[in-house]
Amino acid sequence: MGAVLPVGACAAREHRGPGRAGWREVPGGPLGPREQTLALWTGREVLLVGGSDAPPCPPNADCPDDPTPLADGAALEPVTGRWRTIAASPVPLKGGQGVVLGSKAYVLPHRAERELLVHDVERDSWSRLRAPFDPQAGYQLVAAGERLVAYRGSDEDGAAPDFLLDPATARWSALPDDPLGAAFDRAMAWTGRELLLFDHELIPNPGVDGPPLVRAATLDVDKGSWRRLPELPMLSTGPWIVAGDSLVNPALGGADGGRVGNWGRTYPYGGRVEIATGAWSPLPDPPAGEALGSGARAGGTALYPSLAEWVLDTGSGTWQRVPPPPGDDLSGYAVVAAGADLVIFGGASPSGTLVGVTRVWTP
């Protein structure tokens with residue numbers, strides 16, 4: 001989800017770039033240098049909102065949070081390179097997360113009251129929507145068709161309900177309790193028909209007595225009924241991209257438990273899950289060496305949780321290397337999938353200089 005870290009996202013609608021493979025810079029952006037900007041894909045434009053123009057925090061330093069984050073925004077159409085300014089957010093934003101449903105973007109700020117911010121893309125206006133949950137309790141957003149789900153990422157501080165929003169009525173309802181029980185690292189993904197939940201069992205000292213394998217269950221949202229799926233021999237609960245009749249988590253690497261309490265073999269972080277049966281299969285042979293980040297694409301959509309070094313083509317089962325973008329090695333940039341393209345904006349250089357450059361990588 002969107003932010004957060006750098007802000008990552010999965011493109012939910014197809015988009016075809018201008019046909020130029022590799023990196024290109026998009027000039028003329030109206031936003032000044034900054035980091036931790038929220039980036040969202042509408043299906044036609046990349047929305048960039050907020051961020052921080054305070055001096056970047058040095059590596060390994062403990063810095064106070066920016067007391068005055070930014071609220072201005074812009075929209076970029078990657079195909080044409082056209083920019084436009086958009087209305088400022090009613091609340092300054094630094095990171096955060098968001099989901100686009102139809103012509104509206106639903107934003108959960110990093111620090112917020114019990115509300116979502118709603119941006120009407122067509123009218124270029126903002127409104128506020130009351131939420132039944134505390135954003136500080138670790139809630140995440142995911143689109144579920146034409147509806148929005150807000151789910152809690154962990155039960156470590158106690159159980160709390162997940163919620164479903166019907167945008168047509170602006171009404172929230174609690175989802176039925178899932179069958180997996182207390183958990184952490186909870187993640188949800190929409191398959192096009194059902195909502196899948198992935199998590200780790202909440203037990204003392206997970207990983208000591210064996211690998212913390214991923215549990216899974218699927219919810220028929222309309223019927224309100226859950227179906228438990230087989231346990232998955234992998235370690236990462238998400239994020240996921242829909243690829244035909246499967247969900248794919250492109251996380252590379254794995255773990256074996258270390259010298260003490262070794263699990264006997266290495267379990268991968270990522271994998272592929274058949275939506276109907278929950279059957280698991282490993283990713284295609286990964287690239288040699290240690291990858292700093294990975295993503296995946298399926299047709300005209302993609303998943304880039306971060307600046308990917310390798311991208312899995314889920315159709316051909318091959319990995320494509322993403323060369324480093326030109327310029328300095330940045331941190332705090334926003335990253336978002338615009339169809340199959342990877343878009344990065346802003347960030348801070350190793351010298352502590354903020355930048356306001358936008359770059360696009362096309363497969």
Side-chain angles (χ1 to χ4, degrees), residues 1-3 7-17 26 29-31 37-51 71-91 93 96-109 112 115-131 135 139-150 163-173 188-193 195 221-222 241-242 299-304 334-341 343 345 358 360:
M1 103 154 163
V7 180
C10 175
R13 306 179 188 177
E14 292 194 6
H15 155 79
R16 301 198 179 277
V26 184
L31 300 182
T37 299
L38 175 64
L40 300 172
W41 173 241
T42 70
R44 186 175 68 88
E45 294 178 308
V46 172
L47 302 181
L48 299 170
V49 185
D72 57 340
L76 166 67
E77 189 175 31
V79 171
T80 63
R82 284 197 294 261
W83 288 93
R84 65 183 178 92
T85 57
I86 63 174
S89 165
V91 174
L93 294 175
Q97 56 177 305
V99 167
V100 177
L101 296 177
S103 63
K104 294 183 178 180
Y106 294 81
V107 175
L108 181 62
E115 64 179 11
L116 300 184
L117 306 178
V118 184
H119 180 66
D120 189 313
V121 178
E122 295 178 352
R123 298 181 179 181
D124 190 23
S125 62
W126 289 88
S127 60
R128 300 171 188 251
L129 176 66
R130 193 70 179 166
Y139 275 84
Q140 308 290 319
L141 302 180
V142 65
E146 298 179 350
R147 291 169 288 189
L148 178 71
V149 171
F163 295 95
L164 179 72
L165 171 69
D166 182 353
T169 62
R171 292 182 178 177
W172 294 92
S173 58
M188 288 187 175
W190 178 248
T191 69
R193 297 182 59 185
L195 189 67
V221 176
D222 292 323
I241 184 172
V242 177
T301 64
L303 170 68
Y304 301 123
V335 57
V336 66
D341 290 351
V343 179
F345 167 75
T358 303
V360 180

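Bear in mind that the values here come from a model prediction, so they are computed numbers and not experimental data.
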Considering all heavy atoms of both residues, which atom of [X] and which atom of [Y] are nearest to each other, and what is their separation?
{"X": "Ala340", "Y": "Gly299", "answer": "CB-O, 4.4 Å"}
{"X": "Val336", "Y": "Tyr304", "answer": "O-CD1, 4.5 Å"}
{"X": "Leu38", "Y": "Gly98", "answer": "CD1-N, 4.2 Å"}
{"X": "Ala105", "Y": "Leu40", "answer": "CB-CD1, 4.0 Å"}
{"X": "Thr85", "Y": "Asp124", "answer": "O-OD2, 4.2 Å"}
{"X": "Trp172", "Y": "Ala131", "answer": "NE1-CA, 3.9 Å"}

List for me each residue that meets side chain to side chain donor-acceptor pair (under 3.5 Å) alongside [X], sequence neighbours excluded, and say none if there are none.
{"X": "Arg128", "result": "Glu115"}
{"X": "Thr80", "result": "Glu77"}
{"X": "Arg193", "result": "none"}
{"X": "Trp126", "result": "His119"}

**OP:** Return yes if some donor-acceptor pair links the side-chain N/O of Thr37 with the main-chain N/O of Gly50 below 3.5 Å, else return no.
**Re:**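 Confirmed, Thr37 side chain pairs with Gly50 backbone.
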Nearest 0.5 angstrom please: [X] [atom1] to [Y] [atom2], how far?
{"X": "Leu141", "Y": "Met188", "atom1": "CG", "atom2": "CE", "result": "12.0 Å"}
{"X": "Leu108", "Y": "Leu117", "atom1": "CG", "atom2": "CG", "result": "8.5 Å"}
{"X": "Leu47", "Y": "Ser89", "atom1": "CG", "atom2": "OG", "result": "12.0 Å"}

Just so I know, are the side chains of [X] and [Y] near enough to count as touching, which here means a heavy-atom distance under 4.5 Å?
{"X": "Leu76", "Y": "Leu48", "answer": "no"}
{"X": "Leu165", "Y": "Arg171", "answer": "no"}
{"X": "Val46", "Y": "Phe345", "answer": "no"}
{"X": "Val142", "Y": "Leu195", "answer": "yes"}
{"X": "Leu148", "Y": "Leu101", "answer": "yes"}
{"X": "Val107", "Y": "Val118", "answer": "no"}

Subject >> Partners meeting ring pair (Phe, Tyr, Trp, His ring centres under 6.0 Å) with Tyr106 (sequence neighbours left out) >> reply: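 By the ring pair (Phe, Tyr, Trp, His ring centres under 6.0 Å) rule, Tyr106 matches no residue at all.
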Subject >> Trp190: partners by ring pair (Phe, Tyr, Trp, His ring centres under 6.0 Å), with sequence neighbours left out >> reply: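 None.
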Original post:
Does Glu122 have any side chain to side chain contact (heavy atoms under 4.5 Å, CB included) partners at least two apart in sequence or in another chain, and if so, which?
Top reply: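 Glu122 satisfies side chain to side chain contact (heavy atoms under 4.5 Å, CB included) with Ser103, Asp120 once adjacent residues are dropped.
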Original post:
What residues form a salt bridge (Lys or Arg N to Asp or Glu O under 4.0 Å) with Arg84, not counting sequence neighbours?
Top reply: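 Here the qualifying residues are Glu45.
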